[in-house]
Amino acid sequence: MNNATKLILAAAVVAFGAGRANAIPAFAVQTGQPCSSCHIGGFGPQLTPFGRQFKLEGYTLRAGDAFTAPVSAMAVTSYLHTSADQSSPPAPHYGTNDNVTIDQVGLFIAGGISDNFGGFSQWTYDGVGRAFAWDNLDLRAIDHETLAGSDVLLGLSLNNSPGVQDSWNTLPAWGFPYTSSDLAPAPAAGTLMDGALAQSVLGISAYAYWDSSIYTEVGLYWTPSRWFLRSVGVDPADSGIVAGVAPYVRVAYQKDYGDQNFEVGAFGLFTNLYPGGDMTTGTTDRYSDVGIDASYQFTGDTTNIYTVNARYTHENQNLAATNLLGGATSAQNHLDDLRIDTSYYWHNMVGGSIGAFDTIGSADALIYSGNRTLQPDSSGFVLQADYTPFGGSDAPLGGRFNMRVGVQYFIYTKFDGASYNFDGLERSASDNNTLRLFTWFAL
């Protein structure tokens, strides 16, 4: 497998994998609020306006002076059935279909230290890969200032994935479907913003939130030493090594109208990358990811809650290094990715969601040599229904226990370049349609 393909596959694994799952009961105990105060559907990670503010304020809100244990745990389990047995070799210890697995078990250290400092750190056991590694990190320092007559929330975030610090559920780090399984088939192509750098970089970003309406952020990301990454369970060759620093920018406008909340924004990530960590060419691949996003929430009626999230990303790729290494036929490529999802929740307990995705891009005979069309195009839908019985004020163990049970169905109308015979073996995109039953526990 060439280096460019490895990078794109890494992005796809993060974009569709279980690593995005996140629910932290320690925050519920710290704030004295039920999970439904911060989360749509009574379970993470989709945030309400209150939950967004809690995150932007550095996770510092506390119900009282009493100490609360800043430790939480979570586990995600799945049963998966695909429309046809998978033709590629399954992961070790699994079959080509009808698998039951522990997707992940996670441990969190999370909480506010004072009025100005807080955050969370996650460590995860990958039940499919059977490996333990660090996961999401977001440590913050915040303060309020009055500038030009406006209240401005100023903050710094130390984190390990571009977008993981974002408070809206439109960017890939916290986007729908919020949980999935690494056993599920997934398209090969994904933008760098889709998570290819997650956990393989460190970054510091500074943000300003003006009058709870206008959000601006700039950040810089770099690759830590190989020794550091290996010590936290990450292989730097999987995602490449950032040359120098990778700038990240984010702007958003949010407006509350009582029971309704709107957001529109834009983002950008600009990265020079040594593919697979190979520096022998003396040059890098250059990625420019820019996009726009929007969200809408109706939360005023606690009986009926509606949300819509949307994102469009355009990625320009100058694959000079990969081209010299024989991994790409053209040094100039691009990807365009569109995502939209909508959900409805009844009493923050029973919910249904529908998501659609469409990825298109330029053909390349080496990057996409694993499919017949030599193109990255994939599209489809995700359906989900779920039940969260303990998201309210009556959660067991003093608010620490929560759980969600759900069913997902991934429908592919196009997979790795085609609807039919995408791999030259007469397999259809619909052969990868996946039924997933999952349980998600948090404590």
Original post:
Which atoms form the tightest heavy-atom contact between His144 and Leu153, and what is the distance?
Top reply: NE2-CD1, 3.7 Å
Subject >> Test side chain to side chain donor-acceptor pair (under 3.5 Å) applied to Tyr209 - qualifying residues, sequence neighbours left out >> reply: Gln254
**OP:** Check whether any side-chain heavy atom of Leu171 lies under 4.5 Å from a side-chain heavy atom of Met193, and answer yes or no.
**Re:** yes
Original post:
Any side-chain heavy-atom pair from Ser430 and Ser83 closer than 4.5 angstrom?
Top reply: no
Original post:
Does Trp134 reach the main-chain N or O of Gln199 with its side chain, forming a donor-acceptor pair under 3.5 Å?
Top reply: yes
**OP:** Could you check if a side-chain atom of His347 sits within less than 4.5 angstrom of a side-chain atom of Asn304, using non-hydrogen atoms only?
**Re:** no
Subject >> Check: Gln86/Asp431 side-chain N/O donor and acceptor closer than 3.5 Å >> reply: no
Subject >> From Thr299 atom OG1 to Asn348 atom CG, the distance as rounded to the nearest 0.5 Å >> reply: 9.0 Å
Original post:
Does the side chain of Glu217 pick up a donor-acceptor pair with the side chain of Gln165 at under 3.5 Å?
Top reply: yes
Subject >> Exam field: side chain Asn169 to backbone Pro45, donor-acceptor pair closer than 3.5 Å >> reply: yes
Original post:
Any chance CZ of Phe117 has more than 12 other-residue heavy atoms, nucleotides or ligands included, within less than 6.0 Å?
Top reply: no
Subject >> Summary of salt bridge (charged side-chain N to carboxylate O under 4.0 Å, His left out) pairs that have at least one residue in residues 160-172, sequence neighbours excluded >> reply: Asp166-Arg250
Original post:
Which atoms form the tightest heavy-atom contact between Glu315 and Gly190, and what is the distance?
Top reply: OE1-O, 4.5 Å
Subject >> Residue pair Thr31 / Arg62, side-chain heavy-atom distance below 4.5 Å >> reply: no
Original post:
Within the side chain of Arg404, is there an N or O that forms a donor-acceptor pair under 3.5 Å with the backbone of Thr439?
Top reply: no
Original post:
Is it the case that more than 12 heavy atoms not belonging to Leu202 sit under 6.0 Å from its CG atom?
Top reply: yes
Subject >> 4.5 Å side-chain heavy-atom contact, Thr60 and Asp115 >> reply: no
Original post:
So does Phe381 have more than 12 non-hydrogen atoms from other groups sitting under 6.0 Å from CZ?
Top reply: no
Subject >> Student check: side-chain heavy atoms of Arg52 and Trp168 closer than 4.5 Å >> reply: yes
**OP:** Measure the shortest side-chain to side-chain distance between Leu107 and Val71 over non-hydrogen atoms and say whether it is less than 4.5 angstrom.
**Re:** yes
Original post:
Hey, are Asp386 and Gln384 close enough side-chain-wise for a donor-acceptor pair under 3.5 Å?
Top reply: yes
Original post:
Taking Thr48 for the side chain and Ser37 for the main chain, is one N or O donor matched with an acceptor at less than 3.5 Å?
Top reply: yes
Original post:
Does the Thr223 side chain pair with the main chain of Val242, one donor and one acceptor, at a distance under 3.5 Å?
Top reply: yes
Original post:
Under the criterion side chain to side chain contact (heavy atoms under 4.5 Å, CB included), which of Asn159, Leu158, Val218 is the partner of Ser205?
Top reply: Asn159
**OP:** Would you give the length of the straight line joining atom CG of Asp65 to atom OG1 of Thr68, rounded to the nearest 0.5 angstrom?
**Re:** 11.0 Å
Subject >> Leu397 CG: over 12 foreign heavy atoms closer than 6.0 Å >> reply: yes
Subject >> Distance in Å, Asn433 CG paired with Thr413 OG1, rounded so as to fall on 0.5 Å steps >> reply: 9.0 Å
Subject >> Point-to-point distance, once rounded to the nearest 0.5 Å, from CG of Leu183 to OG1 of Thr434 >> reply: 10.0 Å
Original post:
Donor-acceptor pair, Asp126 side chain versus Val128 backbone, under 3.5 Å?
Top reply: yes
Original post:
Does the side chain of His334 pick up a donor-acceptor pair with the side chain of Asn316 at under 3.5 Å?
Top reply: no
Original post:
Pro185 and Thr82: which non-hydrogen atoms are nearest, and at how many Å?
Top reply: CD-CG2, 3.8 Å
Original post:
Is there a donor-acceptor contact under 3.5 Å linking the side chains of Asp103 and Ser181?
Top reply: yes
Original post:
Have Asp337 and Tyr312 got a donor and an acceptor in their side chains that come within less than 3.5 Å?
Top reply: no
Subject >> Sidechain-backbone polar pair: Asn272 side chain, Arg286 backbone, donor-acceptor under 3.5 Å >> reply: no
Subject >> Taking every non-hydrogen atom, the tightest pair across Ala26 and Ala110 >> reply: CB-O, 4.0 Å
**OP:** Would you kindly say whether Ser157 and Asp138 are connected by a side-chain donor-acceptor distance under 3.5 Å?
**Re:** yes
**OP:** Identify the two heavy atoms, one from Gln53 and one from Ser212, that lie closest to each other, and give their separation to 0.1 Å.
**Re:** OE1-OG, 4.2 Å
Original post:
Ignoring hydrogens and geometry, is there a side-chain-to-backbone donor-acceptor pair from Asn99 to Gly95 under 3.5 Å?
Top reply: yes
**OP:** Hey, could you give me the OH/OG distance between Tyr412 and Ser419, rounded to the nearest 0.5 Å?
**Re:** 13.5 Å
**OP:** Could you note down all residue pairs passing ring-ring contact (aromatic ring centres under 6.0 Å, His included) where residues 250-271 supplies at least one of them, sequence neighbours left out?
**Re:** Tyr257-Phe262, Phe262-Tyr296
Original post:
Are the side chain of Asn402 and the backbone N or O of Phe441 linked by a donor-acceptor pair below 3.5 Å?
Top reply: no
**OP:** Evaluate the criterion side-chain contact (heavy atoms from CB on, under 4.5 Å) for residue pair Leu137 and Gln122; output intermediate values, then yes/no.
**Re:** CA-CA 6 Å; Leu137 173 75; Gln122 178 183 0; over 6 Å; no
Subject >> Side chain Trp222, main chain Gly244, donor-acceptor under 3.5 Å >> reply: no
Subject >> Nearest-0.5 Å distance, CZ of residue Phe415 to OG of residue Ser379 >> reply: 11.0 Å
Original post:
Looking at Asp341 and Arg311, does any basic side-chain N land under 4.0 Å from a carboxylate oxygen?
Top reply: no
Original post:
Of all heavy-atom pairs between Gly112 and Gln30, which one has the smallest distance, and what is that distance?
Top reply: N-OE1, 2.9 Å
Subject >> Beyond-backbone contact of Tyr207 with Leu154, side-chain heavy atoms, under 4.5 angstrom >> reply: no
